[in-house]
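These notes are about the structure you will find just below.
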Amino acid sequence: MAKQTNKKQLLDDIHTKRNRLEKLLSILGEDEMERPGTTGTWSVKDILAHLAAWEHLLLEWYWSGVQGSSPAFQPVGMGRKKIDSLNHDIYERNKSRSLDEVLSEFHASYKQVLTVMEGMTEEELYSPGRFEWTGGLTLADYVAGNTCNHYTWAKEQIRKRVK
């Protein structure tokens with residue numbers, strides 16, 4: 001996967017990857033979306049809750065940076081154990097929610113990310129260290145990781161299940 005080098009490319013990639021994921025989701029029934037085992041014990045519903053939670057984290061990180069503060073939860077230097085623990089916490093918080101609730105949040109968080117992204121400048125997106133919480137990476141790296149790259153991962157997990 002080629003790295004995006006400008007805002008237009010990043011937005012295009014986000015739209016493309018999200019549309020591919022949505023197309024796959026459109027062929028699934030409610031039972032298929034709630035059945036455990038899509039990836040580990042997670043159902044498709046759990047994956048969608050996971051995606052929405054990471055989009056919310058991205059927005060929290062961004063707004064903290066804009067306000068000149070540090071987010072309560074720092075993404076820089078997160079090791080595998082910390083990411084796994086966070087993902088487990090996200091799963092636990094969301095596993096009892098209804099499919100309708102999760103789908104609603106899944107769509108709402110995507111719209112929120114797109115709305116916020118429209119206002120981001122190229123400088124914000126592509127200046128390494130522009131925000132303290134990005135470390136040596138760019139905001140665009142985090143945007144891609146929490147959107148288009150994450151959508152690709154989700155689609156691959158779900159596709160394996162519905163073959």
Side-chain angles (χ1 to χ4, degrees), residues 1-26 38-40 42 44-91 93-94 102-161:
M1 175 179 337
K3 187 171 179 173
Q4 309 85 0
T5 58
N6 63 58
K7 181 178 172 178
K8 181 184 179 329
Q9 284 179 335
L10 180 56
L11 280 167
D12 288 348
D13 206 20
I14 290 168
H15 288 298
T16 298
K17 302 295 172 53
R18 181 64 178 231
N19 288 338
R20 289 177 183 164
L21 174 59
E22 295 269 359
K23 185 176 179 181
L24 178 58
L25 294 173
S26 73
T38 300
T39 184
W42 291 9
V44 171
K45 179 192 84 164
D46 299 324
I47 290 172
L48 301 181
H50 170 87
L51 294 175
W54 278 93
E55 287 172 340
H56 287 299
L57 281 171
L58 171 65
L59 293 172
E60 288 174 30
W61 296 333
Y62 174 70
W63 288 119
S64 290
V66 167
Q67 296 167 357
S69 61
S70 293
F73 175 75
Q74 292 280 337
V76 174
M78 252 196 297
R80 185 82 254 153
K81 283 184 180 183
K82 191 169 185 177
I83 292 171
D84 289 346
S85 176
L86 176 59
N87 288 337
H88 178 74
D89 290 346
I90 291 168
Y91 169 76
R93 281 194 316 265
N94 289 284
V102 168
L103 285 170
S104 179
E105 184 174 354
F106 172 70
H107 295 297
S109 66
Y110 176 62
K111 288 178 186 173
Q112 290 169 341
V113 166
L114 290 179
T115 299
V116 171
M117 275 212 57
E118 290 296 331
M120 291 179 185
T121 66
E122 294 280 335
E123 181 184 353
E124 282 181 314
L125 284 164
Y126 290 98
S127 297
R130 168 78 168 79
F131 299 107
E132 182 183 321
W133 61 264
T134 61
L137 299 175
T138 66
L139 175 58
D141 293 321
Y142 285 92
V143 170
N146 286 281
T147 59
C148 49
N149 297 348
H150 226 173
Y151 305 151
T152 298
W153 166 83
K155 184 178 141 269
E156 289 169 1
Q157 299 306 306
I158 296 165
R159 192 185 60 209
K160 282 189 251 179
R161 175 66 186 256

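The chain is numbered in sequence order, starting from 1.
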| message | Please check: side-chain N/O of N19 versus main-chain N/O of H15, any donor-acceptor pairing under 3.5 Å? | response |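 Checked: pair present.
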| Under 3.5 Å: donor-acceptor pair, side chain of K82, backbone of P75 |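 Not confirmed, K82 side chain does not pair with P75 backbone.
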What are the two closest non-hydrogen atoms of [X] and [Y], and how far apart are they?
X: L25; Y: I158; result: CD2-CD1, 3.9 Å
X: T138; Y: S127; result: CG2-C, 4.1 Å
X: N6; Y: Y126; result: O-OH, 3.0 Å
X: H150; Y: G145; result: CB-O, 3.5 Å

| request: With sequence neighbours excluded, tell me which residues meet ring pair (Phe, Tyr, Trp, His ring centres under 6.0 Å) with Y62. | output: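 Here the qualifying residues are F131.
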Note, [X] side chain near [Y] side chain (heavy atom, < 4.5 Å):
X: Y142; Y: L125; answer: no
X: T152; Y: K155; answer: no
X: L86; Y: L57; answer: yes
X: L114; Y: L11; answer: yes
X: Q4; Y: I14; answer: no

Applying side chain to side chain donor-acceptor pair (under 3.5 Å), can you list everything that pairs with [X], at least two apart in sequence or on another chain?
X: W54; answer: N87
X: K111; answer: none
X: T16; answer: none

| query | Can you list the residues that meet the salt bridge (Lys or Arg N to Asp or Glu O under 4.0 Å) rule with D84, with sequence neighbours excluded? | reply |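 If we apply the salt bridge (Lys or Arg N to Asp or Glu O under 4.0 Å) test to D84, skipping adjacent residues, the hits are R80.
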| Considering residues at least two apart in sequence or located in another chain, which fulfil the salt bridge (Lys or Arg N to Asp or Glu O under 4.0 Å) criterion with K81? |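 K81 satisfies salt bridge (Lys or Arg N to Asp or Glu O under 4.0 Å) with no other residue.
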| Quick one: salt bridge (Lys or Arg N to Asp or Glu O under 4.0 Å) pairs with a partner in residues 117-143, sequence neighbours left out? |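 Found K3-D141.
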| said: Please list all pairs meeting salt bridge (Lys or Arg N to Asp or Glu O under 4.0 Å) that have one or both residues in residues 59-79, counting only residues at least two apart or in different chains. | reply: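 Salt bridge (Lys or Arg N to Asp or Glu O under 4.0 Å) check on residues 59-79 returns no pairs.
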Considering residues at least two apart in sequence or located in another chain, which fulfil the side-chain contact (heavy atoms from CB on, under 4.5 Å) criterion with [X]?
X: S69; result: S64, Q67
X: R18; result: E22, E55, F106, H107, Y110, Y151
X: S104; result: none
X: Q112; result: H56, L59, S109

| Check against side chain to side chain contact (heavy atoms under 4.5 Å, CB included), D46 and N94 | CA-CA 7 Å; D46 299 324; N94 289 284; 5.7 Å; no
| request: Quick one: pull up OG1 in T121 and NZ in K7 and give me the separation to the nearest 0.5 Å. | output: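 Nearest 0.5 Å value for the OG1-NZ distance: 7.5 Å.
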| Hey, is D12 close enough to K8 for a salt bridge, meaning N to O under 4.0 Å? |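 K8 and D12: salt-bridged.
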| Going through the distances and angles, do L51 and L21 end up as a side chain to side chain contact (heavy atoms under 4.5 Å, CB included)? | CA-CA 11 Å; L51 294 175; L21 174 59; 3.7 Å; yes
| query | Passes side chain to side chain contact (heavy atoms under 4.5 Å, CB included), L139 versus W61? Steps please. | reply | CA-CA 10 Å; L139 175 58; W61 296 333; over 6 Å; no
